[in-house]
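As a basis for the values below, the full set of heavy atoms in this structure was taken, side chains included, without hydrogen atoms, waters or symmetry mates. Both counts, for ligands and for their atoms, begin at 1 and track the order of listing. What you see is a predicted model; the values in this text were computed from it and never measured.
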Amino acid sequence: MRSLPTRFRRERTRVRHTSHMARRIVTACAAIALTACFSPASFAQSADAAGKAPAFTTKPTWYKDALIYEIYPRSFQDSNGDGIGDLNGITSRLDYLKTLGVDAIWLTPIYPSPQVDFGYDISNYEGIDPQYGTMADFDRLVAEAKKRNIGIIMDLVLNHTSDKHPWFIASKSSKTDPKRNWYVWRDGKAGGTPPDNVPNNWESVFGHSAWQWDAKTQQYYYHRFYIQQPDLNWDNPAVRKAMYDVERFWINRGVVGFRLDAITSLFEDPTFSDEDYVKLPDGSIKINAYGDKEVKTDKTDNLPKVNDVLKELRKTADETKGRKVVLIGETYVSSIADLRRLYGENNDALDLPMDMQVGFINKFDVSEFRKNINDAETGLGGNEPLFVFDNHDNPRWDRYGDGTHNQDIGRMLAAILFASRDTAMMYYGDEIGMVTTPPTSKDQVKDPIGITGWPKEKGRDGERTPMQWNDGPNAGFSKDGVKTWLPIPPSYKTVNVKSEVPDFDSLLNWYKQLIELRRSNATLRDGQQIMLNTDNNDVLMWLRKADGQPAVVVACNFTAQTQKVSFDLSSQGISGKSAKTLMKTPGASDPASLDAVELPAFGVYIGQVQ
Ligand code: NOJ
């Protein structure tokens with residue numbers, strides 16, 4: 001199988017709750033509340049550059065124990081009162097991230113950009129957009145983060161540039177320009193009339209044809225995303241070399257890794273032939289949110305050549321001697337075998353292709369969670385899984401909410417993330433329970449896909465709203481009286497860092513405890529993961545075990561009813577039945593025996609086998 005037919009799996013389908021559950025009402029979570037606050041040779045890493053990254057990155061496997069925190073810079077902290085978050089704002093919040101237990105921050109793109117796709121349309125790969133600050137601000141962020149043992153991960157957009165990038169401007173200038181072949185240009189279909197004779201039926205992820213007519217040079221260019229994001233031609237060695245130099249540039253500034261955007265889309269099938277249409281169960285062609293007949297993506301996603309580039313990116317990263325630069329992939333693939341391939345044969349490609357197969361199940365189906373978590377444990381050839389539940393492209397965690405138990409559901413999702421054998425990635429604001437807050441009318445929409453797709457597709461603004469620091473003006477994100485780039489969600493009055501810090505039972509404190517537990521407990525960090533009680537379709541239960549360490553058991557109640565469970569450990573050769581509770585949600589029992597654990601609605605129990 002090739003990659004997912006869906007792009008970001010943006011279907012806004014809410015979790016299917018059983019009939020006894022209250023109908024979902026979109027409410028803010030009740031407040032719950034913690035924390036304060038050019039040739040390889042010419043780029044060879046200098047001793048100085050090596051010194052810019054935190055010391056822990058000298059450990060080759062550092063990323064396996066890491067918590068990676070995604071920041072959408074526009075929305076984290078505005079330091080200069082323009083309503084847009086910036087680098088100095090992030091630097092000012094590093095202590096908060098340290099207290100939370102973050103090891104590395106993934107910054108979505110901060111390069112100079114026309115901001116059509118809020119930074120994913122880059123016009124200069126070796127600069128900082130003035131909206132976010134200066135290169136000196138970036139260097140200060142890296143240095144201050146290093147002092148706190150936090151690394152910085154850059155978002156590297158390799159599939160496409162902005163149409164305002166000098167490379168594309170040159171490419172578009174004439175058919176004979178030396179940069180022409182840096183992008184994907186094709187003639188229209190013979191016999192047709194431009195702009196209606198597109199080369200084939202391929203579609204942009206963001207709606208409509210993936211081909212844009214250029215009247216001047218009388219050809220179409222290919223864009224997998226917005227029209228303003230022309231795809232680079234990765235068959236061209238000059239493109240590859242330019243991008244590997246970009247990689248070196250940022251490594252030399254001290255970054256500890258890269259998140260590789262849209263990495264499975266680098267290549268197109270050389271036949272450039274039409275895709276098949278996606279069919280519905282009744283045989284009719286599926287119509288997408290933009291009103292297009294939806295086509296498959298077999299010829300544009302996850303082609304085998306992607307791995308050649310991954311290996312070269314890896315080789316470039318590995319020029320960095322004495323410390324590990326980690327490669328993370330945005331990898332929406334539909335099978336565990338596809339995910340496995342992205343690590344490379346000998347783990348010579350990605351370190352952490354994102355596993356979207358667990359976090360984006362988007363319904364409380366115990367057997368599906370069990371299968372997908374187990375697949376990650378057994379189907380990745382021993383490589384490290386990276387679980388992702390939330391990001392800037394998908395509705396937030398409250399998509400799982402039932403309107404009644406959202407708080408408990410938030411805790412349970414966090415427990416699955418942190419008590420599984422995986423590298424954990426979380427999205428800013430998850431820890432306090434920030435909820436998806438989409439625009440209520442089309443004129444408020446900032447994300448272009450929300451404008452094209454309204455009202456079916458409201459865009460991604462809802463998951464990109466400003467961080468809620470306190471219940472004061474602009475939620476502490478920006479100064480009083482400033483119009484923030486996206487409105488502050490009404491939930492800020494109760495869902496915010498300041499009010500959750502002192503409340504022991506807050507979601508923020510739950511996250512913090514989970515993160516600390518995972519850091520301090522060797523079994524939870526590295527232990528093998530085995531699914532237990534596999535015929536129970538109400539409660540997801542698993543075992544973590546490691547040589548010479550006490551075993552740990554976890555149970556998550558996927559229902560709105562109280563459940564009583566007994567851990568079936570005999571098949572695992574574990575005779576111990578008494579338990580020491582490590583963590584549990586309010587209302588869960590503190591059992592003397594693992595034969596009698598009581599879990600309230602969406603309750604969690606984590607215990608050490610005695
Ligand atoms: C994936 C990014 O996460 C998304 O935000 C962006 O729009 C596309 N890639 C195109 O770069």
Which of the ligand 1 atoms, numbered from 1, are nearer than 4.0 Å to a heavy atom of His392: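 Numbered from 1, ligand 1 contributes 2 (C), 3 (O), 4 (C), 5 (O).
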Enumerate the atoms of ligand 1 whose separation from the nearest heavy atom of Asp117 is less than 4.0 angstrom.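 Within the 4.0 Å cut-off of Asp117, ligand 1 contributes 6 (C), 7 (O), 8 (C), 10 (C), 11 (O).
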Which one of Asp393, Ile263, Asp261 has a non-hydrogen atom at the shortest distance from atom 9 (N) of ligand 1? Asp261
With a 4.0 Å cut-off on heavy atoms, is [X] touching ligand 1?
| X | answer |
| --- | --- |
| Glu70 | no |
| Arg224 | no |
| Arg464 | yes |
| Phe206 | yes |

May I ask you to establish whether Arg396 and Tyr428 are in a cation-pi arrangement, using a distance under 6.0 Å from NZ or CZ to the six-membered ring centre and at most 45° from the ring axis? yes
Does Trp454 have Lys456 sitting over its ring (NZ/CZ under 6.0 Å from centre, angle to axis within 45°)? no
Less than 4.0 angstrom from a charged side-chain N to a carboxylate O is my criterion; do Arg399 and Asp390 meet it?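 Salt bridge: yes.
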Does the ring center of [X] lie less than 6.0 Å from the ring center of [Y]?
| X | Y | answer |
| --- | --- | --- |
| Tyr183 | Phe168 | yes |
| Tyr111 | His165 | no |
| Trp485 | Phe477 | no |

Where does Tyr332 meet ligand 1, judged by heavy-atom distances below 4.0 Å: at the side chain, the backbone, both, or neither? neither
